[in-house]
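Have a look at this one.
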Amino acid sequence: MAPAENPAFWPLTLIVFLPALVAAGLSLPIFPKAREEIIRWITFAATAIVFLLSLWVAVPQFFGAVGPGQFVVGQPEMQGVVKLPWIESFGIEYLLGVDGISLPLVVLTTFISMLAIAASWPIKKHVKAYHVLFLLLETGMLGVFVSLDFFLFYVFWEVMLLPMYFLIGVWGGPRREYAAIKFFLYTLLGSVLMLIAILMLYFTSDVRLLTDEQLIATHVVQPAVAVQEISSIRSAESAVHTFNLMALAAVGQLPNSPFATTTIWLGMSLETWAFLLLLIGFVIKVPVVPVHTWLPDAHVEAPTPISMILAGVLLKLGGYGILRICYPICPGAGLSLAWLVCGLGVVSMVYGAFAALAQTDFKRMVAYSSVSHMGYVMLGLGVWSAVAGQEYRWDFWAQGVNGAMFQMLAHGISSAGMFFMVGVLYDRVHHRNLNEFGGIFSKMPVYSGLAITIFFAGLGLPGLCGFIGEVLVTLSSWNYSRTLAVISAFTVILTAAYILWAIQRVYLGAEYRGPHEDALKPITPRELSIATPLVFLAILFGVAPQILFQYVTPSVNQQVETLADWTRDVHDGARKMIVAKADQEVSDGNDPVTRAQSTSDEIALRWSQD
């Protein structure tokens, strides 16, 4: 599909690559290092333009009537799909698209990136290099959310690694090298495991198993030349592999899926191994216990704007990967290992809350709060309650996944705000010791009012954004496991404990007990312009969550309903029929392999037609 024929090509391409293009321009000698103010304003303008572009795609009502290339709210399907050949010999494509799951995360990324650049004005060291690396990081983050080709997804995933490593290692605190190397090694380990899973799925996939309708729906072929491309696929003598995420999901959900029927090691299917490898790669990014230890160090040593990006966006990449890739492509493993996903989530939320209670470093406390809050995301994604015992009702699981998505978006607002508020104090007094604060409200009343609101949003106070996701996840987990539901509800008390204790020690109290008391000046206009939008959105999404749910719910419900149908018709139906017929053939003395394959093909045809 030529760019001129696809109205979404330029919007999505500019959203992803405009930051990288500006970074390339800033790298040229025409922008000398001494012109730091110009570099700051150019970078801020680039992030603001990308944010406006994402709004143009997501909220076309702000710009008039909905036009080509803009998102249509309420449609669950992938929209604005861009498909161009890239590395044709391996079937790798420039394949982009957005739906109700990815688009809100794209807008969150562009919004937090714009605010983080505004928060970067105090950066005085190597200003040019800092802004170039920041823009490359933004391109990597946005590329992950819009990529529909697994190879392209992995490229963008890796693009994020080096900029973040240098942004922590060069501009961070006293232990910045240790924190940067730890972040690099953890993330690289996850990336290697993910690459192994990608190769396993690619070389096992075969789009010839899909029907003509599926080939068109998953954008393996283009409608304009569908007849020729389908004919080419059908005439292929060997397997036709693909990196197309939508096609891999369709193959993974077939009754005769090669991912489920191929056994590779320890008697476990390729599907199970791929799920585990991908899960490890994604939960390192979330992060969950026990692979969370890089996060507190990275947050404490990173400069304030990078902490905002880490908490506001990077942690969401893990949850997005589990929802977009793990469950649709490896549904059998997702169902059988749902206990693992839920267990990791609950352990993380409890451990993170207790760890936050034990901290005396303000920033480290907020970092552990992120571990706890992201545990709710894992629990919401994992409560696969659409099983036979629940009559395959998928509404409770959908409630959990919707809650997890809302929690990711709400946490992106509240956590970025909390780290910024900590940074405002650190810029003045150059310490984060909770025991040496106190009386900040009397010295900085406007700042304190905004900060307390943001921290209450992180607490999950009703009426603020943190409440909606947590309560939906807790309610949805009741039908999966009442024990997990009780534990997740109990964690809210722990969250209230460490948030309220921090507010009491920092903002209330009789007097400030730390150094540089004379530096506690009122909040500046620049700081106010960053904090105010975050507080506004924390309140807005708390009182009007439908603003986000109108985007998220159709796509989430479609995916959950599809997987619930798969559970009933394939996992509990078709595959059991295959096994039963094979057993019957053995008893009759016939060849069970040939007969089972025939039955599998028959069921696959019926399933795809339905």
Side-chain angles (χ1 to χ4, degrees), residues 3 6-26 37-73 79-82 96-121 131-132 134-147 156 305 308-309 312-313 316 409 412-413 416-417 420 465 525-526 528-538 540-541 544 547-548 550-552:
N6 192 330
F9 174 83
W10 285 114
L12 290 182
T13 300
L14 285 174
I15 286 172
V16 174
F17 288 106
L18 182 59
L21 291 174
V22 174
L26 290 176
E37 201 66 15
I38 294 177
I39 292 172
R40 289 191 178 99
W41 279 109
I42 289 175
T43 306
F44 178 76
T47 57
I49 290 170
V50 173
F51 172 59
L52 290 175
L53 274 172
S54 67
L55 280 184
W56 182 84
V57 173
V59 195
Q61 296 84 354
F62 285 176
F63 304 89
V66 178
Q70 293 176 293
F71 191 82
V72 180
V73 178
Q79 300 183 37
V81 176
V82 176
L96 309 179
V98 290
D99 64 354
I101 296 171
S102 58
L103 185 58
L105 292 167
V106 168
V107 177
L108 174 70
T109 303
T110 59
F111 176 67
I112 297 298
S113 297
M114 180 179 65
L115 296 186
I117 280 296
S120 300
W121 242 258
H131 287 84
V132 167
F134 187 98
L135 289 169
L136 291 175
L137 176 65
E138 184 178 9
T139 284
M141 295 185 297
L142 291 168
V144 166
F145 288 131
V146 301
S147 295
F156 283 120
M308 293 172 66
I309 291 292
V313 181
K316 313 305 174 286
L409 297 166
I413 298 295
F420 176 70
C465 62
R526 179 186 61 84
L528 188 62
S529 66
I530 298 169
T532 302
L534 292 169
V535 172
F536 172 75
L537 290 179
L540 179 66
F541 294 151
I547 294 173
L548 294 180
Q550 65 180 339
Y551 288 88
V552 171

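Just so it is clear, the model here is predicted, and its values are computed rather than measured.
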* Where do G100 and F71 come nearest, in terms of heavy atoms and distance? -> N-CZ, 3.8 Å
* Structure fact -> All heavy atoms of L96 vs all of S147, minimum pair found to be CD2-CA, 4.2 Å
* Asked: What distance separates K316 NZ from L105 CG, expressed to the nearest 0.5 Å?
  -> 9.0 Å
* To do: Output the distance between atom CE (M141) and atom CG (L136), rounded to the nearest 0.5 Å.
  => 11.0 Å
* So do S113 and V50 actually touch side chain to side chain, heavy atoms under 4.5 Å? -> no
* Structure fact -> CD1 (I309) and OG (S120) are apart, to the nearest 0.5 Å, by 8.5 Å
* Structure fact -> Sorted by chain and number, sequence neighbours left out, side chain to side chain donor-acceptor pair (under 3.5 Å) with T139 holds for none
* Scan residues 44-64 for pairs that pass salt bridge (charged side-chain N to carboxylate O under 4.0 Å, His left out), counting only residues two or more places apart or in two chains. => none
* Structure fact -> Sorted by chain and residue number, the side chain to side chain donor-acceptor pair (under 3.5 Å) partners of W121 (sequence neighbours excluded) come out as E37
* For the residue pair A118 and I530, what are the closest heavy atoms and their distance? -> C-CD1, 3.6 Å
* Identify, with sequence neighbours excluded, every residue that meets side chain to side chain donor-acceptor pair (under 3.5 Å) alongside T110. => S54
* To do: Look at the side chain of Q550 and the backbone N and O of V73, then say whether any donor-acceptor pair between them is shorter than 3.5 Å.
  => no
* Find out whether I39 and T43 are in side-chain contact, i.e. whether some heavy atom of one side chain is under 4.5 Å from a heavy atom of the other. => yes
* Asked: Rounded to the nearest 0.5 Å, what separation is found between the OG1 atom of T532 and the CG atom of L537?
  -> 11.0 Å
N/O donor to acceptor pairs below 3.5 angstrom from side-chain atoms of residues 11-22, sequence neighbours left out:
residue: T13; atom: OG1; partner: F9; partner atom: O; Å: 2.6
residue: T13; atom: OG1; partner: Y94; partner atom: OH; Å: 2.9

* Got a second to check how far L534's CG is from L115's CG, nearest 0.5 Å? -> 5.0 Å
* About how many Å separate CG of L26 and NE2 of H131, when rounded to the nearest 0.5 Å? -> 8.5 Å
* Which atom of P60 lies closest to which atom of Q70, heavy atoms considered -> CB-NE2, 3.2 Å
* **Check: V59 and Y551 side chains under 4.5 Å, non-hydrogen atoms** => yes
* Set of residues satisfying ring pair (Phe, Tyr, Trp, His ring centres under 6.0 Å) with respect to F111, sequence neighbours excluded -> F51
* Taking the side chain as C-beta and beyond, is there a heavy-atom pair between V313 and F145 under 4.5 Å? -> yes
* Where is the tightest heavy-atom contact between M308 and A119, given as atom of each residue plus distance? -> SD-CB, 4.0 Å
* Structure fact -> Heavy-atom closest pair (F541 atom, C465 atom, distance to 0.1 Å) is CB-CB, 3.9 Å
